[in-house]
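Right, one structure below, let's go through it.
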Amino acid sequence: MDNNTIQQIKDVIAKSSSIGIAAPKNPSMDEMAAALSMYLLLKNSGKNVSIASPSDPIVEVASLVGIDKVAKSLSAGGGSGDLTVSFPYTEGEIEKVSYTLEEGYLNIIVKAAEQGLSFDEKDVEYARGGGKLDLVFAIGTSNLSDLDTLFDTQNPDTKIVNIDNKDGNEQYGDINLVSNRLSSLSEGVADLALSLDMHIDEDSAQNLFNGIIDATENFQHPKTSSLAFEMTSLLMKKGATRVVSESARRGIKIEDRPQSLRSVRPQNANTARPAEPVPAPNKRVQSQQNFEETLQKRIAEEKAREAGLDPTRQVRQPKQANQPAPVNQPRQASQPVTEDYQDDVTSDDDAPNDWLAPKVYKGSSEV
């Protein structure tokens with residue numbers, strides 16, 4: 001935005017006593033936010049300002065500050081102009097028009113002719129007007145003809161500042177601030193306010209902030225400009241805050257979103273970990289233990305035989321005539337064995353000399 005254009009806008013604002021803000025038909029959040037912010041900025045500057053749109057505001061923009069000030073037509077003096085009552089007229093159906101005063105109310109009486117009135121109450125329209133608009137800021141409107149219902153667009157005494165970011169804009173203004181490089185109208189109005197040294201209060205900042213967020217899809221749109229980030233930072237310093245996201249307002253839960261949009265949460269450090277598997281016992285060690293147990297059983301059986309006991313029944317057997325009685329031989333408990341196993345047990349006479357000596361088990365592979 002060049003200095004010459006800024007100076008022109010400063011001069012025309014200073015000379016204007018009655019200013020109008022024209023919003024487009026069915027405005028988006030960004031368009032209405034930019035229009036309402038310009039209305040608030042000029043109002044805070046002490047100007048007589050009115051704002052209007054050809055259509056009624058929708059629910060989406062109901063949260064914007066100043067939305068209740070949007071009328072159906074612009075009026076000089078900030079809404080202090082004449083009141084016009086309009087309705088369809090057919091030749092010969094109205095006999096006369098009069099008025100009465102009753103308890104502080106002015107009643108306008110339209111007396112019907114014999115054929116009656118052809119229109120209904122819903123066809124009656126009311127508009128504030130009269131006087132002369134010195135300046136109109138047209139926000140987000142590409143064609144001048146779309147503003148015909150808001151003010152007299154053909155009046156040469158009314159200067160128009162055209163602010164838009166659409167490619168098809170007709171450049172109809174006396175001053176045109178039209179650029180498709182703007183990712184939002186709100187960032188353009190915020191930049192203009194700074195250039196004009198206007199005071200941006202918290203309400204204006206919040207409106208502009210909401211407009212930028214909506215137009216840039218929370219800065220995700222590829223057209224998002226660097227100016228949008230710059231203005232957003234400044235608006236937050238002026239008091240603008242992030243509001244609840246659209247997903248939260250609509251009740252969309254995280255699990256309802258696509259898997260690609262869900263955030264991955266880090267695992268809690270306190271979350272119990274699965275138990276580590278217990279390693280299987282070493283087969284070589286197990287084999288050695290089995291061998292030692294078998295060896296101990298055989299030693300106990302031999303000692304039981306020497307003591308005259310049956311290893312299977314643990315009862316004393318008759319002594320042999322030529323077998324000396326054991327002297328102070330302690331009685332050892334023996335483990336029962338099967339008959340087959342008993343047949344394999346060797347006698348003292350057949351046992352090798354190193355039978356009772358400790359044995360070292362060697363495995364089938366090198367350790």
Side-chain angles (χ1 to χ4, degrees), residues 1-14 19 21-24 27-45 47 49 51 60-61 63-67 137-142 161-169 171 173 175-249:
M1 195 178 302
D2 61 274
N3 295 331
N4 184 39
T5 302
I6 294 299
Q7 189 59 48
Q8 289 182 37
I9 297 176
K10 280 186 177 181
D11 293 341
V12 73
I13 290 176
I19 303 175
I21 309 297
S28 65
M29 169 68 81
D30 176 40
E31 291 168 342
M32 183 55 79
L36 282 172
S37 297
M38 181 58 71
Y39 167 82
L40 295 173
L41 291 168
L42 291 170
K43 197 78 173 174
N44 294 338
S45 300
K47 295 295 182 179
V49 191
I51 182 171
E60 181 184 2
V61 299
S63 62
L64 295 173
V65 180
I67 194 65
F137 283 88
I139 310 291
T141 301
S142 298
V161 177
N162 177 17
I163 302 177
D164 198 11
N165 61 349
K166 301 181 185 66
D167 291 330
N169 190 282
Q171 304 280 340
I175 301 174
N176 293 296
L177 300 178
V178 179
S179 174
N180 58 8
R181 291 180 297 178
L182 292 174
S183 54
S184 68
L185 292 175
S186 295
E187 69 192 64
V189 169
D191 188 35
L192 176 62
L194 288 176
S195 301
L196 296 174
D197 297 324
M198 293 176 129
H199 171 65
I200 302 178
D201 62 354
E202 186 173 335
D203 290 338
S204 301
Q206 188 64 58
N207 280 355
L208 293 170
F209 182 89
N210 292 346
I212 295 173
I213 293 295
D214 182 81
T216 62
E217 299 175 4
N218 201 18
F219 307 109
Q220 300 303 308
H221 196 283
K223 189 183 175 182
T224 303
S225 66
S226 60
L227 182 62
F229 289 99
E230 182 181 350
M231 291 299 103
T232 298
S233 174
L234 181 141
L235 295 171
M236 293 184 75
K237 292 179 181 179
K238 297 291 185 179
T241 58
R242 279 187 175 273
V243 295
V244 179
S245 67
E246 188 66 21
S247 296
R249 287 200 298 269

Among all residues two or more places apart in sequence or in another chain, which pass the side chain to side chain donor-acceptor pair (under 3.5 Å) test with Ser63? none
Measuring from Ser179:OG to Asp167:CG, what's the distance to the nearest 0.5 Å? 9.5 Å
Under the side-chain contact (heavy atoms from CB on, under 4.5 Å) criterion, do Asp191 and Leu182 qualify, and how do the steps go? CA-CA 11 Å; Asp191 188 35; Leu182 292 174; over 6 Å; no
Answer whether the closest heavy-atom distance between the side chains of Met38 and Leu192 falls below 4.5 Å. yes
Assess whether side-chain contact (heavy atoms from CB on, under 4.5 Å) is satisfied between Ile213 and Arg242, documenting all intermediate values. CA-CA 9 Å; Ile213 293 295; Arg242 279 187 175 273; 4.2 Å; yes
Gap separating the CD1 atom of Ile9 from the CG atom of Leu196, nearest 0.5 angstrom: 6.0 Å
Minimum heavy-atom distance Ile6-Ser195, with the two atoms named: CD1-CB, 3.5 Å
Which residue pairs satisfy the ring pair (Phe, Tyr, Trp, His ring centres under 6.0 Å) criterion with at least one member in residues 200-228, sequence neighbours excluded? Phe219-Phe229
Taken to the nearest 0.5 Å, the spacing of Lys43 NZ from Ile19 CD1 works out to 10.5 Å
Give a yes or no on whether the backbone of Gly173 and the side-chain of Asn176 come within a donor-acceptor separation of less than 3.5 Å. yes
Treating Asp2 as the side-chain partner and Asn4 as the backbone partner, does any N or O pair qualify as donor plus acceptor under 3.5 Å? yes
As an exercise, state the distance from OG of Ser37 to CE of Met32, rounded to the nearest 0.5 Å. 11.0 Å
From CG (Asp197) to OG (Ser45), nearest 0.5 Å: 10.5 Å
With a 4.5 Å heavy-atom cut-off, do Glu31 and Val61 have their side chains touching? no
Taking atom types as modelled and ignoring hydrogens, do the side chains of Asp214 and Ser28 form a donor-acceptor contact shorter than 3.5 angstrom? no
Looking at every non-hydrogen atom in both residues, tell me the closest pair between Gln206 and Gly239 and how far apart they are. OE1-O, 4.2 Å
Shortest non-hydrogen contact between Glu187 and Met231, atoms and distance: O-CG, 3.7 Å
So, taking the atom named CG in Leu177 and the one named CZ in Phe137, what distance separates them when rounded to the nearest 0.5 Å? 8.5 Å
Are Arg181 and Ser225 close enough that some pair of their side-chain heavy atoms sits under 4.5 Å apart? no
Please report the C-alpha distance between Met236 and Thr232 in whole Å, then the side-chain angles of each, then the deciding distance to 0.1 Å, and finally whether the side-chain contact (heavy atoms from CB on, under 4.5 Å) criterion is met. CA-CA 6 Å; Met236 293 184 75; Thr232 298; 4.3 Å; yes
Please name the pair of heavy atoms, one in Ile200 and one in Lys238, separated by the smallest distance, quoted to 0.1 Å. O-CD, 3.7 Å
Test side-chain contact (heavy atoms from CB on, under 4.5 Å) on Leu36 and Val65 and set out the steps. CA-CA 7 Å; Leu36 282 172; Val65 180; over 6 Å; no
Taking all heavy atoms of Asp30 and all of Ile212, pick out the closest pair and write down the distance. OD1-N, 4.5 Å
Any side-chain heavy-atom pair of Thr224 and Glu217 under 4.5 Å: no
Mind listing the closest non-hydrogen atom pair of Ser204 and Leu40 along with its distance? OG-CB, 3.4 Å
State whether the number of non-hydrogen atoms from other residues, nucleotides or ligands found under 6.0 Å of Asp11 atom CG is greater than 12. yes
